[in-house]
Structures are given as structure tokens and as C-alpha cells.
Amino acid sequence: MQKIVVIGAGQAGASLVAKLRTLGFEGQITLIGAESVPPYQRPPLSKAYLLGDMTLERLFLRPESYYADNNIDLRLGAEVTAIDRAAQTVSIGDEVLGYDALVLTTGSAPRYLPASIGGALDGVHVVRGLSDVDGMGPEFEAGKSVLIVGGGYIGLEAAAVAAKKGLKVTLVEMADRILQRVAAPETSDYFRALHRSHGVEIREGVGLNRLTGEGRVNGAELSDGSTLDVDFVIVGVGITPGTGLAEAAGLEIDNGIKTDAEGRTSDPAIWAAGDCASFPYRDGRLRLESVPNAIDQAECVAENLLGAGKAYVPQVWFWSDQYDVKLQIAGLSTGYDRIITRAGDKEGAVSFWYYQGDTLLAVDAANDARAYMVGKRLIDSGKSPAPDLVADPETDLKSLMRA
């Protein structure tokens with residue numbers, strides 16, 4: 001194998017090409033990115049970068065010089081228009097590049113509001129890429145009114161930044177509660193109280209009917225019949241996997257680009273990793289939208305490109321920063337039927353332990369790094385301490401590892 005082409009210069013793509021060089025691959029590597037800047041971290045965009053606490057250069061995963069120094073052909077501002085599987089080529093405009101192996105790390109794209117309800121008006125923003133955040137940055141002026149549509153982590157993080165900057169913040173969530181898709185009611189209650197203590201108005205069970213304005217948004221009509229005057233809007237209603245190129249090339253799609261356990265798609269010369277890829281997990285398939293998954297899966301694919309034959313087994317963890325609270329999440333909570341709430345050692349620290357029967361599935365830890373680390377180690381090692389032990393405040397968390 002002499003030529004590896006990677007489409008998508010995000011966390012997964014950058015991790016994959018770096019791993020290839022670390023493993024000693026000396027062939028040709030081309031990393032193609034649609035954005036005009038080198039690969040960068042996305043999580044700080046809606047937190048430290050939007051707050052002005054992080055510079056652009058600090059966002060970069062590696063200095064731009066790294067790619068040239070390691071003989072990686074980094075193509076920025078480049079859009080791949082087609083994949084020719086038979087010829088094993090990709091097209092970038094009129095240029096055609098050949099490959100021995102192709103890796104799709106095409107990430108995901110935000111869901112937009114339909115234009116028919118005002119989604120195309122000026123002043124309506126999403127939080128996904130650098131250009132999105134740069135575009136909304138000037139809107140964050142103290143005293144302005146912002147509507148945030150969607151009560152997931154992205155919406156809540158944006159609400160925290162806006163509140164800290166002195167804006168009037170209203171967040172609407174169509175579901176019965178914020179974080180309903182990803183967290184237990186106890187975690188929702190914790191973050192609802194946190195945001196309300198910072199002046200954010202959270203309205204649950206309320207959807208958006210339409211945005212109003214001539215050219216630029218100036219108001220919103222909600223599903224409960226109320227109206228709002230707004231200066232701008234942030235939409236955080238989820239993302240969709242970047243499968244367009246794969247679909248056009250005829251690859252199998254199943255909640256993302258379908259791969260086997262090693263990361264290989266339905267075409268043995270094409271691989272996929274990161275937000276765009278779904279892989280075998282337990283008795284089904286899983287697609288993870290997280291930085292740790294993007295890194296670990298991409299590095300696993302890099303090893304397999306060089307013949308390792310290694311199945312990818314994720315160690316699932318996430319995080320979210322809101323105000324002075326760091327939420328750390330270990331495991332996947334799907335299927336839980338019981339929550340154990342455990343107070344931490346410090347004021348305001350708490351953790352929520354998700355059980356299915358007697359099996360520990362996941363832990364949400366708010367400002368409780370010890371609970372997170374113990375929970376993660378237990379989950380990664382397949383251990384499940386008795387729920388009553390976790391619930392007992394006298395139990396030393398570290399002792400759970402020996403139970």
C-alpha cells in the first residue's frame with residue numbers, strides 16, 4: 001500500500017494520519033479538508049473560544065507545519081466531488097487523485113431549521129464549525145436577547161456562554177425536559193436549576209412554530225401561542241452523519257457509513273471513522289458523536305490499514321462545560337431502569353449512576369472527578385458494584401474497584 005487518501009480534516013482525520021506516521025507508514029498520505037484552516041478542536045468552539053478565552057491558534061490540533069514536516073499533503077479549502085470506486089480515485093474539481101486505500105472521516109453536519117419557518121433569516125446560527133462561531137461571535141453583546149432552540153448539550157453550552165456575557169437568554173425544548181434524549185431526569189433537573197440560577201429562562205414542552213423578520217430575524221412564535229422579541233437565534237437540534245459522498249459512491253449506509261469491526265466499509269478499499277461511521281457493538285450497531293471516539297476509532301483504523309486486524313471496542317466517555325460545572329460522562333445509559341444519586345465530597349458535586357437491574361451502565365458526574373474516574377474504570381472493566389453500596393454515603397468510592 002503506497003497511497004492513502006483521507007477525506008475529512010477534523011479530529012478523526014487528523015488523528016488517523018498522525019497515527020499512520022507514528023506507526024512507521026512511509027507511503028503517500030493526502031488529507032483533504034473543506035475548511036480553510038488546519039484541523040482544530042471543536043468542543044471549545046461553544047465554550048472557551050466563544051467566550052474569548054481561547055485564541056484561534058490554540059484551537060489547532062497541531063501546528064500547520066506538522067503536516068509538511070511529516071510529509072502529509074494537507075489540502076485545505078478543498079471539496080471532494082466524487083469517488084470512483086472502480087478506478088480507485090477521488091475528484092477534487094478537475095483534479096483526480098488515486099488511492100490504494102481511502103478513509104472517510106467526513107464527520108457530521110448540523111440540522112438547520114427549514115427556510116419555510118425562518119431558518120434562512122440573517123441572525124439564525126448553528127454551532128458546528130469555526131465559521132459558524134466566528135459568524136455569531138459579534139452577536140454576543142450584553143443586553144441583547146437570544147433564543148436558543150434545543151435543550152441538548154450544545155444548546156445548554158451556548159446558553160451558558162450567553163448568560164455569562166450578560167445576554168437575556170430564553171431556551172425552548174420541544175421535549176418534556178432538557179437533555180431528554182441523552183440523560184436521566186435527575187441530570188436534567190440539575191442543569192435546569194443551574195441555568196435558572198444564572199437567569200436563563202428554560203421552557204420545556206414548547207416548540208418553535210416560526211421565526212419572524214424581514215431579512216433578519218426579530219421574533220419567534222412558539223407552539224404554546226406565545227411570542228418573543230429576539231436579536232438573534234442559536235439552533236441546536238442535533239446533527240446528521242456526513243454520508244453524502246459514501247451514498248453517492250454506493251457504499252452501505254446504516255445510521256452512518258456502515259463498517260465492520262475493523263472500520264472497513266462495504267468496499268474493502270474504503271474505510272470510515274468518527275461521527276460519520278457506524279460499527280458493530282454488542283448485539284447491534286452504534287454511531288458515537290464524540291471526540292474520544294473520533295480519536296480512538298481513527299487510530300484503530302490506522303492500525304488496521306497496516307494489517308493489524310484489530311476490532312474496535314469503544315471506551316465511551318463524554319464531557320460538557322457549563323458555567324463553573326464540568327460534567328463528565330462514562331458509558332452509555334441506554335436501557336437504564338434505575339438511578340442512584342450520590343453526593344460528592346465538595347459542595348455542589350454530585351453523580352448519577354445508571355443501572356439496568358444490577359448492571360452499571362453509565363455515570364454522569366458533575367464537578368465530581370473521583371466519581372467519574374471510578375465509574376469509568378468500573379464500566380471499562382465490566383464491573384458492577386451493588387447499587388446499595390453506591391447509594392451509601394459511607395462507601396469509599398475507591399473500594400468499589402475491589403468489590
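Just so it is clear, the model here is predicted, and its values are computed rather than measured.
- Between Ser46 and Ile154, some side-chain heavy-atom pair lies under the 4.5 Å cut-off.
- When every heavy atom of Ile239 is checked against every heavy atom of Ser108, the shortest pair comes out as CD1-OG, 3.1 Å.
- Between Gln41 and Val291, every side-chain heavy-atom pair lies at or beyond the 4.5 Å cut-off.
- Within 6.0 Å of CD on Glu247 lie more than 12 heavy atoms contributed by other residues, nucleotides or ligands.
- Salt bridge status for Arg285 with Glu252: absent, with no side-chain N to carboxylate O gap under 4.0 Å.
- Within the 4.5 Å cutoff, side-chain heavy atoms of Leu104 are placed close to those of Leu251.
- Below 30°, between 30° and 60°, or above 60°: for Phe191 and Tyr153 the angle between ring planes is above 60°, a perpendicular geometry.
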Begin with the C-alpha distance, continue with both residues' side-chain angles, and end with the deciding distance and a verdict on salt bridge (charged side-chain N to carboxylate O under 4.0 Å, His left out) for Asp73 and Arg75. CA-CA 6 Å; Asp73 183 10; Arg75 306 286 190 95; 2.9 Å; yes
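- Ring orientation note: the planes of Tyr281 and Phe279 are nearly perpendicular, at an angle over 60° on the 30°/60° scale.
- The minimum heavy-atom distance linking Tyr354 with Ala184 is given by the pair OH-N, 2.9 Å.
- At least one side-chain heavy atom of Gln315 sits less than 4.5 Å from a side-chain heavy atom of Lys376.
- Within a 6.0 Å radius of CG in Asp254, more than 12 heavy atoms belonging to other residues, nucleotides or ligands are found.
- When the salt bridge (charged side-chain N to carboxylate O under 4.0 Å, His left out) test is applied to Glu186, no partner is found at least two apart in sequence or on another chain.
- A 6.0 Å sphere centred on NZ of Lys165 holds more than 12 heavy atoms belonging to other residues, nucleotides or ligands.
- Look at Asp380 and Arg377 and you find no salt bridge, because none of the NZ, NE, NH1 or NH2 atoms lies under 4.0 Å from a carboxylate O.
- With values rounded to the nearest 0.5 angstrom, Ile329 atom CD1 is found 11.0 Å from Trp319 atom CH2.
- We find the OG-CG distance between Ser384 and Leu361 to be 7.5 Å, quoted to the nearest 0.5 Å.
- Within the model, atoms CE of Met373 and CG of Leu378 stand 11.0 Å from one another, a figure rounded to the nearest 0.5 Å.
- With a 6.0 Å radius and a threshold of 12 heavy atoms from other residues, nucleotides or ligands, Asp358 has its CG atom at or below the threshold.
- With a 4.5 Å cut-off on side-chain heavy atoms, Leu332 and Leu288 count as touching.
- One finds a salt bridge joining Arg128 and Asp275 here, because a Lys/Arg side-chain nitrogen approaches an Asp/Glu carboxylate oxygen to under 4.0 Å.
- When side chains are defined from C-beta on, Asp345 counts as touching Arg370, because their heavy atoms get closer than 4.5 Å.
- The CG atom of Leu102 lies 5.0 Å from the CD1 atom of Ile270; values are rounded to the nearest 0.5 Å.
- Other residues, nucleotides and ligands contribute more than 12 heavy atoms inside 6.0 Å of the NZ atom of Lys19.
- Side-chain N/O atoms of Glu157 and Ser320 include a donor and acceptor closer than 3.5 Å.
- Shown here is Met54, whose CE atom has more than 12 heavy atoms of other residues, nucleotides or ligands within 6.0 Å.
- Using a 4.0 Å cut-off between charged nitrogen and carboxylate oxygen, Arg177 and Glu204 do not count as a salt-bridge pair.
- You'll find the side chain of Leu306 reaches within 4.5 Å of the side chain of Leu20, heavy atoms only.
- For the atom pair CD1 of Ile7 and OG1 of Thr105, the computed distance is 8.0 Å after rounding to the nearest 0.5 Å.
- Annotation: side chain of Ile295 is in contact with side chain of Gln11 (closest heavy-atom distance under 4.5 Å).
- A salt bridge does not link Lys47 with Asp321: none of the charged nitrogens is closer than 4.0 Å to a carboxylate oxygen.
- For the pair Arg203 and Asp224, the salt-bridge criterion is met [side-chain N within less than 4.0 Å of a carboxylate O].
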